[in-house]
Amino acid sequence: MSSKEVKAGLKSAREAIKNKEFKEALKHCKAVLKLEKNNYNAWVFIGVAATELQQPDQAQTAYRKATELEPEQLLAWQGLANLYEKSDQADFKAELPKIYQKLITLYEIVWRRLIQVREREAEEGLEDSELLELWKEMTRLLQDTVEDQDNETQQHLILAFERALQMMVDVPSEVHKSLSQDYIKCLSKLPHEVAKLKEVCDATLSRYPTHPYPLEALSENYIRTDDCNEEAVCCFSRLSELDPNNSQAHFGLGIKACQDKKYEDAIKSISLGDVGNSDDWTHKLQKLKLEALVRTGREQDSNNIYFFKEVSYAHQGFFSLSHSFLEALSRSPDNGELFFLLGRLYWSMGDEMRRDRNKAHTHLLKAAKLDPYLGSVFRFLGHYYKEVAKDQGRARGCYKRAFELDSSDAEAGAATVDLSMEQGDMVSAALRADPLDWVCWECLGEAYLNRRSFIAALKAFDKAHALQPTSIYSLYQTAAIKQILGRFKEAAAEYRQISEQEDYVPALKGLGECLLALARNALDDYLDGRAVDLIQNAIHYLFRAVKQRPDLSCLWKLLGDACTTSRTVSPNRAKVLVPGALCGMDPPDQSHTLDQRQLLTLGERCFGRALKLMPEAPRLWCDLGLNYYHQSRLLNCLYPEDDAQSLLEKAMQCVKKAIKLDSANHTYWNTLGVVAMAKGIENFALAQHCFIKSVKAESNNVVAWTNLGALYLKKGNIELSHEALKIAQSLEPLYVNCWIGQAIIAETVGSFDTMDLFRHTTELSTHTEGVKGYAYWVCSTLLDKSNRDSELYLYNIVQMNAISAAQVALSKYTERIQTDPDAFIMLGYLNTHLQLKKQATEAYRRAVELLQASPHTDQLSFALRGYGRALSDDGQWEEAVRVYSSTPLEELHDLIGLALACFRIGRLPESVQSYEKALVVASSEKEKACILTALALIQHRLGSMDHAKTLLFKCSMLKEPVPESLQCLCALGLVHGDVTLASATLTELLKLGEPIGGAVEERCLLTCTLLALQGNFSGVHREAARAIHRYCIIFRDTVSLNFIQCDKATRTYHFYFCFNSFHLRRNALKTIQRAVLLCPGKLSYNQTCWISSQLMLSCWLGSKTQICILCPFNRLYTSLFLSQVLSVSPEHPVVFLMLRQVQCERLLLSEASNCVPPAVLDQLSAAVMANHTSVSAWHWLAEVYRSQGLLAQASVAYRKSLQLASQLGDHFGKMSSLLRLALLALMPCLAGVCVSEWKDLVLEASAEVLKMGSSPVALLYQALLQFSIKMGARETRRLLEKIVYASASGSSETIASVARWYLLRHLHTKDDLELIDTLLVKATAEGDSRLVDFHRRLYPSS
């Protein structure tokens, strides 16, 4: 239970974090740590929750603890880095570089391990192309942060570059040149590697003499170090010859000219460069240019305004710059831009200068007057009025003017919106003046929406729509907000309401998006039929929008998404009606049915149309590539004769185009890796590179890590695959694909945890690979007959209810994937175990159909054998004969199955032939004995008595005779009056030991018949009585009762049984009394239990229509009867339990006291434990404990019943136990004793019930628990409303009534009259007068 509680606690914590319930998350994590104090994920979750709750010290402590537990895991280090980035604490900021260094080190360690592995493989003679890729990837990983690394890491990086350059074969080449350039760039960041930099630059120039980058790196180094010797000048000149527009060459030559006092040449050279850098050497060049201008007397030149502009942002001395601007303004007094630059400079000099109106404000106003079209001036004026003058109106006007002049000024636009939103009080004032003004309500909703207050905005738009029902805008915004909140079904209904009035394109688009989201949810739940219907509706509405606005790329993209979504369902289900005008079929005004391939092709065309409108959209290129990829998979599966290679190449090109447009998007890299792994391309080196790039682009990328693990697994590298999947599990423990990968690894290495891992995948989610893997292991375990008593079998199969779970999951699998014969064979096998005869027959039939053209004859034979057995179980004997005849008829099971089927339809000679062939194939003595017995029965049916007798004699002579053969031989002797044969055979039969099951009655009948033939009728009576009292048998055949001289009580019992079968309870109960009075000690155990149950039923019901002793005496009568039974046969635990139940009932209903003494409770517990297979007995004991106030003991009893129901595979018993347990824990919570143990027990039990299926009762328990914890919380209302307004879906009216009662109490505390009115309307419609009366008591004046 501990591991399950830990998993459940972690899952609850993760869900709480997702729902932003961080305090609840902390509680769950602390509960986990009580059970397992060193749980890594719990400490990480505490860190996340504490960070969001603004508790940085607790978050730091938790993350530090997690890093101490598993220092090589990334998740805690990443969380620590995120915490330090968000915090303003100085000590956190000081620690941040160390955290970054640790993260880089972890990534570096991974790559070093990879490289070490590959080097060992290369030493063994393997190709080193993959090793080269690893060296290159290591350089790409570390080169961006090389200046922040320690010396060891820097040397590793240099070694990586050198090894990569040495291993390259294709030299010279573009790849080699690019890698050399990266090496030079890396060395240029290391001041102590100047000699190495010059060496590498010279080597690169000798191989690529026209490549300018080595000269640029050398020039930058010379400029930074103020080194302008002859070697530097030669470098500058050579670079200028290769690239006449190169800035660094001109900078270097300008510096040299200044040093030589050639100022005109210096100005000319420096002006040719692009002064766009913020480095120190750029500042130096600017100062040099200023010096050269002053020396040449050209500082008044108006063309140098832009130079002063750039100097103003780069120079450190504000006051010296202000003097420079003032000097420039004295020469150009009408230049508005100079006034703006000076005003901006004053603004940057601090609060004192900002408050001085003669400084920033005056110069900015002067700039606005001189140049009224300079948007930046108005933005800074807005800053002044907002922050200094506190004049929000003027500030808003300035920001608005700045945005009108320059629409790309995001800062001015955002400030305009913020100030407008701060003036929302005006809308509130207008509403107070006229609360029925629907326009003001729409404006208020718009204001809330801009602030992303969705619930408040939704209420405002609802009010506006109620005041003005014809307003499409308010209805549209309501639907749009619900779509944002994920309430797609409600949003779709309101979008559809708009679309029925007019073709409003935003509403049609939103409706298509909602339907597509609902379709994806249905596919996740394997509701493929519903998903296809939703996709069809989405295409219909999106096409209506496209007809109105064919110029919108987003509509074509949504159409492509809808068509491509159909890839998930089975091809024979993907039949969608599409308008002819969209799919290009005639007639265009009618709808045409498209199959899956046609739908994917249509999706390709829609994506192409979208790309024509937006050719530079990377998302569209990626979607188109995925569409081509899914088309290729469909061709490989259903149309192998078609060429899918061209589609894969198109997919590669499209995704590469997306990466070219946006190389920082991790999704595109991951997609390219998936396509590169596809069958037909299988470029695993490229796939590995793409997955690694995806991880680098987004470190918390669980999908890419999982795909990387799958790649290594495909290549047979178990160790690396396990490491990658382990990282994926740490990033997202609920991501099912990484668990499937680990399960496959366990299966590969032969681990005992394989079945547990596959079962865990089915608990997380329904995934095709996980389902098939789990079903395979369940079937394999069932096929192994030797392990039925092992603990592993009892746990994996019986306790975990594996057969039912695998059958349900596999049914979903075969609904979607209908071309997998293995899955249908396993489904048929599981259905057979569950006695689902028709389902088993259908599953085997599908498997046989799929395997008819398959070369796997063994698999087909197994399927045919199962199909024949399923047909026989279902009574379809003719079809079973046909199926068995199509098998090779070489296996024993095939021959026996055919023989039995032929026997059932009366084809006895063919049955004999099949049994004779089976006799030759049989390997054991027991098999031969069974076959000989069957042959003897058939010969008897054919009338060949001697032959039958011979076969039975032959069978009895075997070393391992079976009891059935001896019984047949004995019966044969009795039928023909051969007392000697019958007596001898019966003697041999009795030597085989005690009978089991139905053989008890058969042996008794044979013995009694033999005694009757011998004339010993008193012996018949003794034998029958002995069998009744010893084996507790009930004779099933009334003819045998007439043959055997049974006693009066037994005959009376059967007389009662016949009456009871016709529901004549009056006569039945009279007959019971008569039987008991005649011979109370001669009734069998089962007869006694039956009579006792009837008496107890009448006792507890107390119905006046029962013809029994009057109701007050029923319990006493039943008690006396059960005591009499126990006096005769004391070893009957069920009867003993019944007696204790009646006695307890009498004690509880007595007037003296309702308290049960402890000694009696101990006796009741012992009686229940003696009936170890009765779930209801534990329920009864728990109710007794509860009535005595012993809640802890009642909880233990319910847990015992739950454990027993799980072991027995009793679904309803398990659900009943969980619900009773939840109710038991809920009672003290509702009474105000809401301790954490009871609260957690309610949540755990109700959550388990909901996992088993829909349960309104469990939902009600959760809602009442929330009500008891915090009656006025939003969550309380949400849970209660979920029950009240979903009651029409099949839940009990009683449950809905209780929920309405508590919801009214909640709304009463909140005084929400509008929602109370809605609830009362609902209650009135449901006929809940009790709630209406309760409302009148709460509001007497209403």
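For this chain, numbers begin at 1 and follow the sequence in order.
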Between the side chain of [X] and the main-chain N/O of [Y], is any donor-acceptor distance below 3.5 Å?
| X | Y | value |
| --- | --- | --- |
| Ser751 | Asp753 | yes |
| Asn39 | Ala42 | yes |
| Gln645 | Gly680 | yes |
| Gln729 | Trp739 | no |
| Trp43 | Lys37 | yes |
| Ser804 | Asn801 | no |
| Asp525 | Leu527 | no |
| Asp894 | Tyr884 | no |

Gap separating the [atom1] atom of [X] from the [atom2] atom of [Y], nearest 0.5 angstrom:
| X | Y | atom1 | atom2 | value |
| --- | --- | --- | --- | --- |
| Thr565 | Arg567 | OG1 | CZ | 6.0 Å |
| Met652 | Ile681 | CE | CD1 | 4.5 Å |
| Ser721 | Ile744 | OG | CD1 | 9.0 Å |
| Ile825 | Thr814 | CD1 | OG1 | 13.0 Å |
| Ile803 | Asn831 | CD1 | CG | 11.0 Å |
| Phe45 | His28 | CZ | NE2 | 11.5 Å |

Minimum heavy-atom distance between [X] and [Y], given as atom pair plus value:
| X | Y | value |
| --- | --- | --- |
| Leu634 | Pro571 | CD1-CG, 4.4 Å |
| Leu713 | Gly741 | CD2-O, 4.3 Å |
| Trp669 | Cys690 | O-CB, 3.2 Å |
| Tyr844 | Ala863 | CD2-O, 3.8 Å |
| Leu734 | Arg14 | CD1-CD, 3.3 Å |
| Val702 | Ala728 | CG2-O, 3.4 Å |

Is it true that Asn707 and Asn670 share a donor-acceptor pair across their side chains at a distance under 3.5 Å?
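Side-chain D/A pair, Asn670 to Asn707: present.
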
Less than 3.5 Å apart, any donor N or O on the side chain of Asn737 or Thr706 sitting next to an acceptor on the other?
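Checked: Asn737/Thr706 side chains show no N/O donor-acceptor pair below 3.5 Å.
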
Around [X], counting heavy atoms of other residues, nucleotides and ligands shown, do more than 12 lie under 6.0 Å from its [atom1]?
| X | atom1 | value |
| --- | --- | --- |
| Gln852 | CD | yes |
| Arg633 | CZ | no |
| His893 | NE2 | no |

Using the rule given for side-chain contact (heavy atoms from CB on, under 4.5 Å), can you reason through His722 versus Gln742, listing the C-alpha separation, both sets of side-chain angles and the distance that settles it, and then say yes or no?
CA-CA 7 Å; His722 173 68; Gln742 293 286 31; 3.1 Å; yes

Using the rule given for side-chain contact (heavy atoms from CB on, under 4.5 Å), can you reason through Thr564 versus Leu626, listing the C-alpha separation, both sets of side-chain angles and the distance that settles it, and then say yes or no?
CA-CA 9 Å; Thr564 308; Leu626 281 172; 5.8 Å; no

Using the side chain to side chain contact (heavy atoms under 4.5 Å, CB included) definition, which of the options Thr568, Thr768, Val569 pairs with Tyr526?
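For Tyr526, the side chain to side chain contact (heavy atoms under 4.5 Å, CB included) check succeeds only for Thr768.
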
Any heavy-atom pair between the side chains of [Y] and [X] that's under 4.5 Å?
| X | Y | result |
| --- | --- | --- |
| Asn787 | Leu792 | no |
| Tyr829 | Leu783 | yes |
| Leu648 | Tyr629 | yes |
| Pro733 | Leu10 | no |
| Thr841 | Tyr867 | yes |
| Lys65 | Asn38 | yes |
| Leu864 | Leu851 | no |
| Gln799 | Leu794 | no |

Check ion pair [X]-[Y] (N to O, under 4.0 angstrom):
| X | Y | result |
| --- | --- | --- |
| Lys812 | Glu815 | no |
| Arg816 | Asp528 | yes |
| Glu723 | Lys726 | no |
| Lys715 | Glu682 | no |

For the salt bridge (Lys or Arg N to Asp or Glu O under 4.0 Å) test, which of Lys838, Arg869, Lys837 pairs with Asp874?
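Exactly one pass, corresponding to Lys838.
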
Val703 vs Tyr735, side-chain contact (heavy atoms from CB on, under 4.5 Å): CA-CA, chis, key distance, verdict:
CA-CA 9 Å; Val703 179; Tyr735 185 60; 3.7 Å; yes

Kindly indicate, with the supporting measurements, whether the criterion side-chain contact (heavy atoms from CB on, under 4.5 Å) is fulfilled by Asp820 and Lys772.
CA-CA 10 Å; Asp820 189 347; Lys772 190 174 180 181; 2.7 Å; yes

